[in-house]
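Keep in mind that this is a model prediction, so the values were computed, not measured. All values below were derived from every heavy atom in this structure, side-chain atoms included, with hydrogens, water molecules and symmetry-related copies excluded. Both counts, for ligands and for their atoms, begin at 1 and track the order of listing.
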Amino acid sequence: MEVKKGIGVSPGIAIAKSVVIDSEEYRIPRRSIMSSQRKMEIKRVREAFLDAVAELSKLDEAQSIEERKIRDIFAVHMSFLRDRSLRKKITDLIYSECLTAEYAVSTTLREIATRIAQVKDAYISERAADIYDIERRLLKHLLGEKREDVAHLTEEVVVVAHQLSPTQTAGFNRTFVKGIATDVGGRTSHSAIVARSLGIPAVVAVEDVSAAVGAGDMVIIDGNRGVVVISPDDETVREYEQYLRDFERLEHELDAIRDKPAVTRDGTQVQMLGNIEFPDETQIVLAKGGQGIGLYRTEFLYLYNEQEPTESDHYEAYAEAVLAFTYRPVVIRTMDLGADKYTQSKRYTPEPNPCLGLRSIRLCLQDLSMFKTQLRAILRVSVLGDVKIMFPLITNLEELRHAKMILHDVMEDLDEESIPYKHDIEVGIMIETPSAALTAGTLARDVDFFSIGTNDLIQYTLAVDRGNERVATLFSAGEPAVLRLIRAVVQDAYRAKIGLHICGEMASEPEYIMLLLGMGVRTFSLAPPMIPEVKKIIRSVTITDCNQLTRKILTMNSRRQISNYLMDATRKIIPEVF
Ligand code: PEP
Ligand code: MG
């Protein structure tokens with residue numbers, strides 16, 4: 001049994017066998033075998049080589065590859081796979097050291113790759129990538145289904161990977177994928193957000209978990225405490241099964257307040273909205289008592305398809321959400337591609353610093369035809385319910401005005417075509433850059449509402465990558481700089497009499513709820529599974545207490561002091577949420 005610590009990013013407990021997903025960097029753990037098993041392992045190696053050769057020949061025929069270069073690459077792979085001395089090296093290792101076939105293949109090939117990579121001649125050193133490719137191909141045959149993709153699951157599993165993209169996470173079959181653990185990531189990385197939205201327990205930043213877990217190992221994922229237990233003993237499994245039952249009971253109790261209003265003990269009404277990435281998540285929002293959608297992350301429409309979505313793709317996706325919430329708000333955020341919501345390989349020109357690059361609204365303002373297609377669909381769907389438009393990553397007034405100008409152009413086009421839309425549709429912006437927060441008073445004159453995106457606001461204010469586990473401890477909403485910005489934005493929104501939402505992950509962290517209420521936030525938008533817990537906190541406090549707590553917090557200059565104070569205060573009122 002091995003216990004590893006990481007960051008719990010999506011609550012819940014999962015106990016199941018693992019599927020380890022391939023990634024460039026996976027390593028196979030060193031496992032010994034009994035000497036009686038050596039023959040069997042050597043046979044497995046021979047079969048894997050034969051299968052890999054057969055696969056490669058098929059690939060070569062089927063694709064009728066013309067380019068010499070690609071043919072050459074396959075030829076190199078083939079010659080390696082047919083090289084008897086390579087196979088002998090692997091089988092000798094199994095024989096002399098009693099190791100598994102996977103480990104012997106992986107170490108032998110990696111050793112060769114490392115040596116080749118060190119050769120001064122660039123042509124030769126670049127061949128190291130081919131060796132890794134051959135390693136991957138052989139391991140795929142050795143590990144078979146267990147290391148296959150997770151598209152065809154038939155039993156419950158936990159997924160272990162070095163890293164997952166948001167798109168991979170979103171594609172998981174929720175019936176079978178019960179938990180996730182990755183080597184890297186942070187609380188607000190987008191795959192963590194997706195896991196939370198889907199209600200899949202997840203722990204990220206678990207050092208080397210993908211190397212430590214073997215395919216098919218029993219694994220416990222504790223998303224509440226950020227713990228992963230590999231090959232647990234019977235007693236630990238029993239303890240966790242009990243813990244799981246308790247957790248499910250608490251969830252059940254929370255679900256019981258689904259239809260109760262989100263109102264504080266002294267009568268202040270709060271609006272609870274859901275953040276979604278896909279239209280079918282509206283059902284989870286409804287099931288958890290959400291009163292609408294405060295953030296529809298539409299970029300998943302682009303990430304999921306190879307082709308750019310058409311106007312009707314957009315329309316259909318939005319209509320499904322809007323119709324589920326007739327006459328309740330649905331805030332559709334225009335496409336926020338870029339940073340970790342874009343694979344660099346999908347880009348024509350990979351950027352050295354994508355978080356500060358051509359992302360989000362900047363990309364839209366450069367690709368007007370793509371932007372207008374989306375705006376047309378949002379406007380057309382606006383007649384079906386209470387639809388609002390929101391622009392992400394606004395940094396200054398010119399950018400906002402430019403985006404609004406394009407919106408008006410699209411409105412004129414629709415007028416000319418006599419296509420109906422809501423002429424007075426509300427337009428809002430995300431406040432997620434320090435520049436927008438500092439100039440919120442000015443921006444407020446041009447919009448109907450603000451939505452504070454604390455994930456990016458924290459990232460850009462503290463210069464801490466939201467998805468990088470190495471700096472994860474520096475990423476905190478409790479930093480005085482962040483709190484001052486949030487408070488200023490809330491005050492500017494109040495002064496300008498415009499709407500104010502909060503939609504970053506801070507809105508679902510129990511210790512910040514009283515503080516946000518005390519600052520004046522009355523609309524929370526969060527991952528749907530978290531709605532009942534936050535509602536429970538809201539129903540347990542008074543605004544008078546929240547105001548007092550906020551006054552006290554704003555006098556503090558240290559994050560640690562702030563965090564401790566908030567934890568204690570929240571724990572006193574509702575100990576069960578911790
Ligand atoms: C945010 O930045 O806080 C936010 C809600 O947007 P996203 O997480 O999609 O970047
Ligand atoms: Mg953001």
**Message:** Would you say T461 and E479 are linked by a side-chain donor-acceptor pair, where the criterion is simply a distance under 3.5 Å?
**Reply:**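 Judged by distance alone, the side chains do not pair up.
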
**Message:** Under a 3.5 Å threshold, yes or no: a donor from one side chain and an acceptor from the other, between Q374 and T298?
**Reply:**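 Q374 vs T298: donor-acceptor pair found between side chains.
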
Is any side-chain N of the basic residue among [X] and [Y] closer than 4.0 Å to the acidic one's carboxylate O?
| X | Y | answer |
| --- | --- | --- |
| D448 | K388 | no |
| R297 | D336 | no |
| R571 | E511 | no |

**Request:** Enumerate the protein residues lying less than 4.0 Å from ligand 1, judged by heavy-atom distances, in chain and residue-number order.
**Result:**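 The answer is H190, I193, L295, R297, R333, D336, K341, M430, E432, G453, T454, N455, D456, R466, C503, G504, counting any residue whose heavy atom sits under 4.0 Å from ligand 1.
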
**Asked** What class does the angle between the rings of F449 and H501 fall in, given that below 30° is parallel, 30 to 60° is tilted and above 60° is perpendicular?
**Response**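 The rings of F449 and H501 lie parallel, inter-plane angle below 30°.
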
**Request:** For the Mg ion (ligand 2), report each protein N, O or S atom nearer than 2.8 Å, sorted by chain and then by residue number.
**Result:**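 Protein N/O/S atoms under 2.8 Å of the Mg ion (ligand 2): E432 OE1, D456 OD2.
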
**Request:** For residues Y302 and H314, establish whether the separation of their ring centroids is below 6.0 Å.
**Result:**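 So the answer is yes for these two rings.
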
**Prompt:** Per the side-chain contact (heavy atoms from CB on, under 4.5 Å) rule, which among I284, L286, V285 passes with K288?
**Reply:**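 Going through I284, L286, V285 one by one, the side-chain contact (heavy atoms from CB on, under 4.5 Å) with K288 is satisfied by I284 alone.
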
**Request:** Using the ring of Y315 (Phe, Tyr or Trp, six-membered ring only), decide whether R380 places NZ or CZ under 6.0 Å from its centre and within 45 degrees of its axis.
**Result:**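 Yes, R380 sits over the ring of Y315.
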
